[in-house]
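Remember, it's 1-based here, ligands and their atoms both numbered in the order they're listed. For this chain, numbers begin at 1 and follow the sequence in order.
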Amino acid sequence: MRIFQKIAVIGLAAGLGVAGFTAQAADDPVAARQAVMASVGAAAGLGGGMMKGEIDYNPAAGKAAIATMNAAAATFGDFFPAGSDQGNTGAAPAIWENADGFSAELAKFAAAASKAMEASGKSGPADLDAFKAAMGPVFGTCKSCHETYRKKN
Ligand code: HEC
């Protein structure tokens, strides 16, 4: 494993650890959902790096990236209680103004991630093409949700 790959995998493991503790952070839903999205960002960095050929493809790393997406998609929607639109958050008011629309984006993310999880089998997508086929639709959901439900900087 090259150093860069090691860093990516360690970063991802740290992201997963954070996602695992979100239940304890429920009294700070903004921090919890940002931690979940940070794990998504780490998984996207690893997955995108492999897709671009910057990181050698490895089925276990592919599966770790997909599993992180799947875990995040399952919990992310739990951290948007009324009133958590205030403060240091990138969450757009549209989340609360159009809750059904936000739920629909969450459902697309969860469906793509769970399908990728199924496709990755026991030891991860066998090769880069299989990984791209599984992860591509998950990546497609980032922009469509962010466009409406994340504040633009
Ligand atoms: C269902 C909607 C939704 C989907 C799907 C989604 N995001 Fe997000 N994302 C958000 C929202 C909302 C925020 C802002 C959260 C906040 O600051 O409270 C955010 C924030 C982020 C952040 C900043 C996290 C931080 O540290 O504050 C990153 C990175 C990110 N998203 C990456 C991604 C990537 C990559 C994908 C696709 C694989 C993705 N997101 C899919 C809604 C979504």
Supply the atom-to-atom distance Leu46 CG to Met51 CE, rounded to the nearest 0.5 angstrom.
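The CE atom of Met51 is 10.5 Å from CG of Leu46, to the nearest 0.5 Å.
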With rounding to the nearest 0.5 angstrom, report the NZ to OG distance, Lys122 to Ser120.
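Going from the NZ atom of Lys122 to the OG atom of Ser120 covers 13.0 Å.
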Which atoms from ligand 1 have a heavy atom of [X] less than 4.0 Å away?
{"X": "Thr89", "answer": "16 (C), 17 (O), 18 (O)"}
{"X": "Arg33", "answer": "16 (C), 18 (O)"}
{"X": "Gln34", "answer": "16 (C), 17 (O), 18 (O), 24 (C), 25 (C), 26 (O), 27 (O)"}

Please verify whether a non-hydrogen atom of [X] lies at under 4.0 Å from ligand 1.
{"X": "Phe76", "answer": "yes"}
{"X": "Ile95", "answer": "yes"}
{"X": "Met69", "answer": "yes"}

Criterion salt bridge (charged side-chain N to carboxylate O under 4.0 Å, His left out) on Lys108 and Glu105, from CA distance to verdict
CA-CA 5 Å; Lys108 275 196 253 171; Glu105 290 296 337; 3.2 Å; yes
Would you tell me which option among Ala91, Ala112, Ala44, Ser144 has the nearest heavy-atom contact to atom 35 (C) of ligand 1?
Ala44
Regarding atom 5 (C) of ligand 1: of the candidates Asn88, Val36, Thr141, Thr148, which has the closest heavy atom?
Thr141
Assess whether side chain to side chain contact (heavy atoms under 4.5 Å, CB included) is satisfied between Ile66 and Met69, documenting all intermediate values.
CA-CA 5 Å; Ile66 287 170; Met69 296 294 186; 5.6 Å; no
Could you tell me whether Gly90 and ligand 1 have an N or O pair separated by under 3.5 Å?
yes
Which atoms of the protein, restricted to N, O or S, are nearer than 2.8 Å to atom 8 (Fe) of ligand 1?
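Less than 2.8 Å away from atom 8 (Fe) of ligand 1 sit Met37 SD, His146 NE2.
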Counting only heavy atoms not in Lys152, do more than 12 sit closer than 6.0 Å to its NZ atom?
yes
Expected output: side-chain Lys115 to main-chain Val138 donor-acceptor under 3.5 Å:
no
Step-by-step side chain to side chain contact (heavy atoms under 4.5 Å, CB included) determination, Gln86 to Val30:
CA-CA 9 Å; Gln86 303 297 316; Val30 175; over 6 Å; no
Intermediate values then yes/no, side chain to side chain contact (heavy atoms under 4.5 Å, CB included), Trp96 and Ser84:
CA-CA 10 Å; Trp96 294 271; Ser84 67; 3.4 Å; yes
Heavy atoms only, cut-off 4.0 Å: how does Tyr149 contact ligand 1, side chain, backbone, both, or neither?
backbone
Side chain, backbone, both or neither: which part of Lys108 comes within less than 4.0 Å of ligand 1 when only heavy atoms are counted?
neither
Any idea how Phe102 and Phe80 line up, ring-wise: parallel (<30°), tilted (30 to 60°), or perpendicular (>60°)?
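Phe102 vs Phe80 ring planes: perpendicular.
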